[in-house]
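When reading the values below, keep in mind they use all heavy atoms of this one structure, side chains included, and skip hydrogens, waters and symmetry mates. This is a predicted model, so every value here is computed, not measured.
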There are 2 protein chains.
Amino acid sequence: MSSAAKTLELLAHFSTTWPEIGLSQLCKMAKRDKATTYRHLQALEETGLIEQNPMTKRYRLGPAILQLAQTREATVPRKLGVQAPLFELANAAGETCHVTVLSGTTVYELASCDSPKHGTRAIIDIQTFPLHATASGLCTVAFGPETLMEVALSNLRQFTATTATTAQDLHAAIQTIRNTGFGRADRSYETEVQGLSAPIYDQTGHLAGAVSVASVAARFTPELERVIQNELMIAARQISKNWGGTIPAHIEALWAKSLTSENVLETAS
Amino acid sequence: MSSAAKTLELLAHFSTTWPEIGLSQLCKMAKRDKATTYRHLQALEETGLIEQNPMTKRYRLGPAILQLAQTREATVPRKLGVQAPLFELANAAGETCHVTVLSGTTVYELASCDSPKHGTRAIIDIQTFPLHATASGLCTVAFGPETLMEVALSNLRQFTATTATTAQDLHAAIQTIRNTGFGRADRSYETEVQGLSAPIYDQTGHLAGAVSVASVAARFTPELERVIQNELMIAARQISKNWGGTIPAHIEALWAKSLTSENVLETAS
DNA sequence: TATTATCGGTTCATATATTGAACCACTGTT
DNA sequence: AACAGTGGTTCAATATATGAACCGATAATA
């Protein structure tokens, strides 16, 4: 691994729950040497990506980040056009919602929105979503570039009892998603969370991300699932439109079929 | 220079005016080898700091930037509490305004605001402000940490006929600022721009940044200068308050004296 | 249609920059 | 006063970065 990559990895340790990190602490987290970590931090500081809190001597993210973010959003306006549909979705579904974007072979969280409906909420405090264990990740693998499957297979870490840990399991899960048009994760990342997800497209015509609902598993019912799927379709269409794309016909067809067959199922049961 | 630092420097080449850069182009800009640059770009891409536009094969800033920015603003809320005073300032002064922050020994732009009053506006399209040539930079050197003077002296690049290019010139400019409490740059960065600036403080009690007005030099008059200085004081006080700090008494004293003596001058002339 | 000039990406011998155990100075605690 | 934490520094050992030359593809030029 290049020293540049090691340096950049340090940035990922800063989060809203861990906003300031001291040198020694960061060494433990990153499992790296102190001298090395110190030099890496200096490189990051020179560029303004981090800065040292003059009071605590601990390190935190720096002001250069904000400029880069401004440029990024001016270049590829993603957050713009996500807020409104996401808010609608959170209210309609009554659950916590996320939008994720695919960059390379990684699924990043772009935005999230809580619903005030219930006291208990699903809180997902991660920055990159595992491809094989989350609804967003699985949805992205199912409808994104072919190579993602290999990447997903190369890291089948087990999070819960229902996490897909074999190639068979994963292929089965993906196949279901390709048949229904909705990403789905049944407590496979956190034991109390049931995820549902729909793909988002941009002007390239390729999958650009996913919009997801993380339900508290205890209150997940077939009726709620239908409501959520309906709202996910609306949100996915709107966000795709705002990103300059449209939902491909074959996905729309899957959704139409999926909802009909569930109607049948529901009626039958 | 460490390879990590070289890698990070590549990020600075992306801006709203240059949002997407190809490999060869970036090599020219950064004056570096193609193979090296390519590897550096790959390291940045692995971390999500940049991504490759699948259509053009060119590189652009990536989605990880947005998360980091969210964390940064949650950690150190700087943009929050700048917008309103900056907007007020731009309207009152009728000129383009900026807020800059000091991080380490570098002055970064945090936010800017145009006034719709005039058709011609000062447009400063840079991300880091030269310490010796801009009102923000000079103001930061004058009231920031002592070490900044050395850094400023080590890079006295000439931008215009009035740029301070000798230690003497710079010391004189800084001395004036320390006497008046206002940063000042008389066409020393761009020939048509006259800069005025006031320091901002945060909860540490040290200088945290500066707020500046970039006037079109042709319409700069002593009367306008007084108006702007007045508005700068208001903005600097408000932003300092929003950042958890206050303007130190000795700065307030300078401002009081400065405005009085200018009154005299104005009356005399 | 052949030629040339780009582009993004890759190779491999060379040589330079990275690494980490041990160390220092300082601060607050026991 | 001994100890356990910090953040920061040193230097020999060595793992890593480097860049000229190369490749295949695309696009403009003659």
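- A side-chain donor-acceptor contact under 3.5 Å links H132(B) to the backbone of R157(B).
- Distance CD/E20(B) to OG1/T56(B): 4.0 Å, rounded to 0.5 Å.
- Side-chain N or O atoms of T163(A) include none that pairs as donor or acceptor with a backbone N or O of T165(A) at under 3.5 Å.
- Applying side chain to side chain contact (heavy atoms under 4.5 Å, CB included) to L148(A) and the options L102(A), L153(A), T106(A) leaves one that passes, L102(A).
- Of the candidate nucleotides dA17(D), dG9(C), dT10(C), dG9(C) has the atom lying nearest to any side-chain atom of Y59(B).
- Between K57(B) atom NZ and dA25(D) atom C1' the separation is 11 Å, expressed in whole Å.
- Side chain of K28(B), nearest nucleotide from dC7(C), dA21(C), dA17(D): dC7(C).
- OP1 or OP2 of dG9(C) has at least one side-chain nitrogen or oxygen of Q52(B) nearer than 4.0 Å.
- What separates CZ of R32(A) from C1' of dG20(C) is a distance of 13 Å, to the nearest Å.
- Between G22(B) and A35(B), the residue anchored nearer the 5' end of DNA chain C, judged by the nucleotide with its closest heavy atom, is G22(B).
- Between Y38(B) and dG8(C) there is no side-chain polar atom (N or O) within less than 4.0 angstrom of OP1 or OP2.
- Remark: C1' of dG20(C) and NZ of K6(A) are 11 Å apart, rounded to the nearest angstrom.
- Atom CD in E45(A) sits about 13 Å away from atom P in dG7(D), given to the nearest Å.
- Put simply, the side chain of R39(B) and the base of dG19(D) share a donor and an acceptor less than 3.5 Å apart.
- Atom P of nucleotide dC24(C) and atom NZ of K34(A) are separated by 13 Å, given to the nearest angstrom.
- In terms of position along DNA chain D, the nucleotide closest to S24(A) lies nearer the 5' end than the nucleotide closest to the other residue of the pair S2(A) and S24(A).
- Regarding contacts with the backbone of dG19(D), a side-chain N or O of T36(B) is found under 4.0 angstrom from either OP1 or OP2.
- With 3.5 Å as the limit, one finds a donor-acceptor pair spanning the side chains of S103(A) and E51(B).
- Atom CD in Q25(A) sits about 11 Å away from atom C1' in dT6(D), given to the nearest Å.
- For the pair M1(A) CE and dA17(D) P, the interatomic distance rounds to 11 Å; values are reported in whole Å.
- In this structure, NE2 of H40(A) is placed 15 Å from P of dA17(C), rounded to the nearest angstrom.
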